[in-house]
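Below: one structure, written as structure tokens.
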Amino acid sequence: MFDRLYVFKEFLRRPSRDKLLPDPNPLGHPKYTLVLELTHVLLHPDWTYQTGWRFKKRPNLDHFLEQLASPMYEIVVFTSQVGMNAAPIVDALNRGSGGSTITYSLYRDATEFINGEYVKNLSCLNRDLSKVIVVDWNPNVVHLQPENSLILPKWDGNDDDNTLVELVAFLKNVAEKSPEDVRQILSYYKQFSDPLENFRDSQRKLPELPEVPSA
């Protein structure tokens, strides 16, 4: 009985498979993988007696996905939500942003249950972690590989939010620099309370390039 209980406990605690993503396509694959939390990063859940649960898209979400999708990034939505509930939402996001911007989606069965949290173990992604960036609002769920994380404030549904536009600029800049290890760049910005604000300020301080006279 105890053996069966242990096996069942391990089944609940461990991801459902050792490799969460298939092997990269040898004929062509984005250099970097972008892992995104669904709730409070891309969407805001809202519940009323009249409508039940509804999910509000963050401003500029379609633009965000379209700008960063392959060939720039392999986009993976990774959430602790149950797949039966979240998969239709991810499918709708994909259709709204062109049909193929989100390459893969992972749900609760792909997480590890540690100390009461559904934790995302990036080492199970089957990707080189020097090329993986995970964007989340909860540092506890990415604590196994904090060096890969970019932690943003939890989005509360504010219509004036402009975070995804700023995040596009930041992530494009990372990809265009083509670093061998993205964790070095993320480590630099982690020292600031608002990494995107610091990036925005640093871009403003760059000198304007001189105009080249036409021939």
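Bear in mind the structure is a predicted one, so any value in this text is a computation, not a measurement. In what follows, residues are counted from 1 in the order of the sequence shown.
With hydrogens and angles left out, the side-chain atoms of N94 and S100 include no donor and acceptor closer than 3.5 Å. K120 and T79 are not linked by any side-chain donor-acceptor pair at a separation below 3.5 angstrom, with hydrogens and angles left out of the test. No side-chain donor from either of E37 and N138 sits under 3.5 Å from a side-chain acceptor of the other. Side-chain N/O atoms of K131 and T33 include no donor and acceptor closer than 3.5 Å. Between E66 and S97, the side chains place no donor N or O within less than 3.5 Å of an acceptor N or O (distance only, hydrogens not considered).
Grouped with V82 in one hydrophobic cluster are M84, the linkage being side-chain heavy-atom contacts under 4.5 Å among Ile, Leu, Val, Met, Phe, Trp and Tyr residues.
Contact annotation: the side chain of L68 approaches that of M72 to within less than 4.5 Å [non-hydrogen atoms, C-beta and beyond]. When side chains are defined from C-beta on, L21 counts as touching V76, because their heavy atoms get closer than 4.5 Å. Contact annotation: the side chain of D161 approaches that of R58 to within less than 4.5 Å [non-hydrogen atoms, C-beta and beyond]. A heavy-atom distance below 4.5 Å is found between the side chains of L171 and F64.
Between the CG atom in N173 and the CD1 atom in I185 there is a gap of 7.5 Å [rounded to 0.5 Å].
Residues V41 and L65 are members of one and the same hydrophobic cluster, defined by side-chain heavy-atom contacts under 4.5 angstrom among Ile, Leu, Val, Met, Phe, Trp and Tyr.
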Any chance you could lay out the side chain to side chain contact (heavy atoms under 4.5 Å, CB included) test for V182 and I133, step after step, and finish with the verdict? CA-CA 7 Å; V182 297; I133 298 174; 3.8 Å; yes
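Summarising the local packing, CG of N25 is surrounded by more than 12 heavy atoms from other residues, nucleotides or ligands at distances under 6.0 Å. By the neighbour-count criterion of 12 heavy atoms within 6.0 Å, atom NZ of K56 is densely surrounded, having more than that number from other residues, nucleotides or ligands.
In this structure, the ring of H40 has its center no less than 6.0 angstrom from the ring center of W155.
Between E74 and R127, at least one side-chain N (NZ, or NE/NH1/NH2) sits under 4.0 Å from a carboxylate O, which counts as a salt bridge.
Classified by interplanar angle (parallel below 30°, tilted 30° to 60°, perpendicular above 60°), the ring pair Y189/F199 is perpendicular.
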